[in-house]
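Take a look at the structure set out below.
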Amino acid sequence: MSIERIRTAVGHVVLMLGVLVSLFPFYWMVVMASNTTPDIFSYPPKLWIGSHLFENMGKVLDNIDFFGSMLLTLIASLGVTVLVLFFDSLAAFAFAKYRFPGRNFLFALLLATFMIPSQLSLVPQFVTLAEFGWIGSLKALIIPGAANAFGIFWMRQYASGAIPDELIAAAKVDGAGFFRQYLTVGLPVLRPGLAFLGIFTFINVWNDYLWPLIVMTDPNRLTLQVALDQLNGVYGTDYSMVMAGALMSVIPLIGVFLIGGRHFIADLAAGAMKF
Amino acid sequence: MAVTSKAVPASLGATTESTDKRPNKYRQALPQYTAVAPFFILFAIFGAFPVLFSIWISFHSWDGIGPMKWVGLAQYQYLLTDATFWKTIGNTLIIWVLSTVPMLLLALVIANALHNATRLRTFYRIAYFIPNITSVVAITLVFGSIFSNNFGLLNAFLQSIGLGQVDWLTQPWGIKIAIATIVTWRWVGYNAIIYLAGLQAISADVYEAAKMDGASPRQTFWRITVPMMRPVILFTAVTSTIGGLQIFTESRVLFGDTSSIGGPGDAGLTIVSYLYQSAFIKNQFGYGAAVGWALFILIVLFSIINWRLIGGRDEERLTRRAARRVERKIAAQNAKREAADVH
């Protein structure tokens with residue numbers, strides 16, 4: 001019995017060390033954001049949270065249009081998320097619960113698109129969007145990502161198990177057409193799955209860097225990540241301010257994650273097991 | 001299902017449907033096609049067309065604005081002799097190995113500890129997962145300061161224990177270690193969660209049987225845990241290979257656009273950084289497209305290697321068969337024990 005107890009104690013020590021390593025950079029971010037730059041780069045370095053946090057945050061707001069960037073990022077993230085949830089769940093509902101000519105072929109085609117790395121089409125996508133006149137506009141951030149293969153695949157797996165055929169049959173007897181069935185039977189049952197896909201999509205769009213870096217060419221309309229990078233590039237000497245900006249950009253995201261995090265992690269793991 | 005779907009239109013619109021003797025199965029499936037159409041339309045415009053177009057672009061010399069000039073395979077010929085391109089492949093592969101190997105090993109250790117922990121499980125999971133959802137840009141800035149040559153926290157620490165300092169962000173190996181550290185830190189928790197799910201899927205009976213057969217913990221780990229986890233390990237290996245070959249943000253944010261985007265001596269220039277640099281900084285769109293194709297070939301190649309090394313359906317079936325054999329053994333043993341209890 002005591003050997004077991006020692007083993008669990010050792011396990012907890014290992015896990016706690018891991019947690020420290022996991023969370024330390026966040027602590028360090030706060031330390032840097034709340035001290036002055038000379039204090040950070042002194043030797044020995046300041047290791048405790050200082051009193052200049054709001055001063056540094058204020059400097060961020062003076063130097064970049066932080067809230068403008070945040071609003072832009074929020075609109076893009078929400079826009080993509082809403083469209084992805086709608087289009088992906090609708091397609092997944094059809095793939096999971098209906099037989100129609102070409103279904104298997106179309107689904108195989110969808111899976112094949114996983115193979116294509118997004119960077120491969122980076123150059124021609126940029127050219128296409130330039131042709132459309134979308135460069136620098138929200139459309140460039142939202143429309144190309146409005147439906148994705150991963151979401152449809154994941155939602156289909158979810159829908160296959162979650163929606164009983166009897167419910168659909170009952171809706172049919174009541175005279176509901178396909179879209180009505182989707183709205184009344186599909187959506188309510190799919191809600192937990194949609195929550196996962198929603199958080200997943202939101203976080204990904206919020207954090208995306210390469211695509212907005214390329215398509216948002218107007219320096220007054222940058223997403224948060226690109227603005228943050230810009231802040232570092234131009235004012236890199238004022239590290240405390242840059243860190244205050246980083247902290248401000250990370251807080252909303254961690255908030256979203258902590259609200260839905262527990263289920264999110266379980267769903268992500270379950271999704272990976274199905275591949 | 002088939003019965004009801006035919007019955008509904010007939011009962012609903014008896015007058016309109018009955019005139020149509022042979023209901024068109026494609027027309028009947030119109031709502032389903034409408035449902036799946038958005039993805040395929042978007043994919044056609046922003047996925048398939050660009051991929052085909054990128055082949056076309058890669059055969060041209062083009063700055064993105066002026067006229068395209070046909071050069072045939074010249075971009076690819078140049079690519080094969082381009083020392084910088086080969087360097088980016090080397091950099092990417094080194095960073096990939098430096099990050100993936102410790103990442104997957106640590107993930108396995110953490111997953112194992114998480115599996116055995118009974119308390120604080122939710123706390124651990126969230127704490128381990130937070131790095132993964134954090135923005136790469138913000139966290140790269142933090143690590144950039146930690147690895148900073150003169151006043152960085154890491155060097156301050158090394159100095160305080162008498163090891164002197166390392167010029168992390170100017171030495172070729174230091175740069176690669178710094179980037180690999182960021183990648184490892186971000187993805188360890190994610191992989192640990194996936195491994196944990198894999199561990200939880202292994203039936204407790206199998207372990208029970210191994211214990212009864214007198215297997216040591218090490219034997220149990222290598223003979224049962226690892227083989228049964230093969231599909232999960234394959235999943236993490238493939239995803240981290242694909243992710244590793246696409247590393248960009250870390251090196252770009254660490255070194256910015258100044259002089260070269262890959263740091264001193266291009267030591268941190270990855271394949272995607274090179275693609276970005278070629279196309280969007282130097283405006284060599286054709287060459288950028290060619291680099292994209294090289295990346296694609298590499299990804300396919302490495303996915304196949306991974307699959308061969310770790311996966312393979314036959315092996316998967318073998319492990320499953322082994323598991324079934326063990327399970328049968330337990331069942332027999334249990335039956336025997338129960339019989340003994342009765343008497």
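- Considering only heavy-atom pairs separated by less than 4.5 Å from chain A, the leading option among B:Ser135, B:Gly47, B:Gly292 is B:Ser135.
- Residue B:Gln28 holds its CD atom at 13.5 Å from CZ of A:Phe178, rounded to the nearest 0.5 Å.
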>> A:Phe100 vs B:Tyr33, test: ring-ring contact (aromatic ring centres under 6.0 Å, His included). Steps then yes/no.
In response: CA-CA 8 Å; A:Phe100 50 93; B:Tyr33 290 131; 5.4 Å; yes

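- The side-chain heavy atoms of B:Leu295 and A:Leu120, taken from C-beta on, include no pair separated by under 4.5 Å.
- Both the backbone and the side chain of B:Leu114 come within contact range of chain A, each with at least one heavy atom under 4.5 Å from a heavy atom of that chain.
- Both the backbone and the side chain of B:Ser160 come within less than 4.5 Å of a heavy atom of chain A.
- When the candidates A:Asp88, A:Val10, A:Leu106 are compared by the number of heavy-atom contacts under 4.5 Å with chain B, A:Leu106 comes out ahead.
- In terms of non-hydrogen atom pairs under 4.5 Å with chain A, the most contact-rich of B:Phe129, B:Phe123, B:Tyr195, B:Trp56 is B:Phe129.
- Both the backbone and the side chain of B:Ile194 come within contact range of chain A, each with at least one heavy atom under 4.5 Å from a heavy atom of that chain.
- In this structure, A:Val123 and B:Gly288 approach most closely via the heavy-atom pair CG2-C, 4.2 Å.
- Only the side chain of A:Ile203 comes within less than 4.5 Å of a heavy atom of chain B; its backbone N, CA, C and O stay farther away.
- With a 4.5 Å cut-off on non-hydrogen atoms, B:Gln159 touches chain A through its backbone and its side chain both.
- The nearest pair of heavy atoms linking B:Ile130 to A:Phe257 is CG1-CE2, 3.6 Å.
- Heavy-atom minimum distance, B:Leu42 versus A:Ile143: CD2-O, 3.6 Å.
- In terms of heavy-atom proximity, A:Ser22 sits nearest to B:Trp185 at O-CZ2, 3.0 Å.
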>> Please evaluate residues A:Leu210 and B:Arg252 with respect to the criterion side-chain contact (heavy atoms from CB on, under 4.5 Å), reporting the C-alpha separation (whole Å), side-chain torsions for both, the decisive distance (0.1 Å), and the verdict.
In response: CA-CA 10 Å; A:Leu210 178 54; B:Arg252 154 75 209 229; over 6 Å; no

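- No other option in A:Val14, A:Thr113, A:Thr8 has as many heavy-atom pairs under 4.5 Å with chain B as A:Thr113.
- Side chains of B:Leu141 and A:Leu228 form a contact here, defined as non-hydrogen atoms less than 4.5 Å apart.
- Ring-plane geometry between A:Phe95 and B:Phe40 is classed as perpendicular, the angle between the planes exceeding 60 degrees on a 0 to 90 degree scale with a lower cut at 30.
- A:Ile152 touches chain B through its side chain: at least one heavy atom from C-beta onward sits under 4.5 Å away, while N, CA, C and O do not.
- Contact of A:Asn204 with chain B is not made at all, since no heavy-atom distance falls under 4.5 Å.
- A 4.5 Å side-chain heavy-atom check between B:Leu153 and A:Phe24 finds at least one atom pair inside the cut-off.
- With a threshold of 4.5 angstrom between heavy atoms, B:Val253 approaches chain A through its backbone and through its side chain.
- The shortest side-chain heavy-atom distance between B:Tyr124 and A:His12 falls under the 4.5 Å cut-off.
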> Given the rule in the side-chain contact (heavy atoms from CB on, under 4.5 Å) test, do B:Ile271 and A:Gln119 qualify, once you have shown the distances and angles that lead to the verdict?
Replying inline: CA-CA 10 Å; B:Ile271 303 174; A:Gln119 291 86 357; over 6 Å; no

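- Interface residue B:Phe39: backbone and side-chain heavy atoms are both found under 4.5 Å from chain A.
- Closest of all the heavy-atom pairs between B:Ile133 and A:Leu253 is O-CD2, 2.8 Å.
- Both the backbone and the side chain of A:Val21 come within contact range of chain B, with heavy atoms under 4.5 Å apart.
- Residues A:Leu213 and B:Phe248 form a side-chain contact, since some pair of their non-hydrogen atoms from C-beta on lies under 4.5 Å apart.
- Neither the backbone nor the side chain of B:Ala37 comes within less than 4.5 Å of any heavy atom in chain A.
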> Step by step, would you call A:Val127 with B:Phe285 a side-chain contact (heavy atoms from CB on, under 4.5 Å)?
Replying inline: CA-CA 9 Å; A:Val127 175; B:Phe285 276 45; 3.8 Å; yes

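- For B:Ile110, the parts sitting under 4.5 Å from any heavy atom of chain A are the backbone and the side chain alike.
- B:Phe157 CZ: 12 or fewer foreign heavy atoms inside a 6.0 Å radius.
- Taken from CZ in B:Phe43 to CG in A:Leu110, the straight-line distance is 9.0 Å, to the nearest 0.5 Å.
- Nearest heavy-atom pair, B:Tyr190 versus A:Leu268, reported as atom, atom and distance to 0.1 Å: CE1-CD2, 3.4 Å.
- At a threshold of 4.5 Å between non-hydrogen side-chain atoms, the residues B:Ile45 and A:Phe132 count as touching.
- Annotation: maximal heavy-atom pairing with chain B below 4.5 Å, among A:Gly11, A:Pro144, A:Ser121, occurs at A:Pro144.
- Between A:Phe87 atom CZ and B:Ile41 atom CD1 the span is 9.0 Å, to the nearest 0.5 Å.
- Annotation: maximal heavy-atom pairing with chain B below 4.5 Å, among A:Phe179, A:Phe86, A:Tyr239, occurs at A:Tyr239.
- Counting non-hydrogen atoms of other residues, nucleotides and ligands closer than 6.0 Å to CZ of A:Arg103 gives a total above 12.
- Taking CD1 of B:Ile126 as the reference point, atom CZ of A:Phe264 lies at 11.5 Å (rounded to 0.5 Å).
- Expressed to the nearest 0.5 Å, how far CE of A:Met29 lies from CD1 of B:Ile146 amounts to 9.5 Å.
- The backbone N or O of B:Ala35 lies less than 3.5 Å from no partner atom in the side chain of A:Tyr182, so there is not a single donor-acceptor pair.
- Across B:Ala294, B:Ala29, B:Ser54, the residue that shares the most heavy-atom pairs under 4.5 angstrom with chain A is B:Ser54.
- Per-residue heavy-atom pair counts under 4.5 Å with chain B were compared for A:Ala92, A:Ala149, A:Ser249, A:Gly102, and the maximum is reached by A:Ala149.
- For chain A, the nearby parts of B:Val142 are the backbone and the side chain; heavy atoms of each come within less than 4.5 Å.
- Residue B:Ala156 touches chain A through both its backbone and its side chain, counting heavy-atom pairs closer than 4.5 Å.
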> Stepwise, does the side-chain contact (heavy atoms from CB on, under 4.5 Å) test hold for A:Gln225 with B:Thr249?
Replying inline: CA-CA 10 Å; A:Gln225 308 306 325; B:Thr249 310; over 6 Å; no

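- Looking at heavy atoms from C-beta onward, A:Pro25 lies in side-chain contact with B:Phe143 at the 4.5 angstrom threshold.
- Remark: B:Ser145 OG to A:Met243 CE distance equals 5.0 Å, nearest 0.5 Å.
- Using bins of under 30°, 30° to 60° and over 60° for the plane-to-plane angle, the ring pair B:Phe46/A:Trp134 lands in the tilted bin.
- Chosen from A:Phe26, A:Phe93, A:Phe200, the residue pairing most often with chain B at heavy-atom distances under 4.5 Å is A:Phe26.
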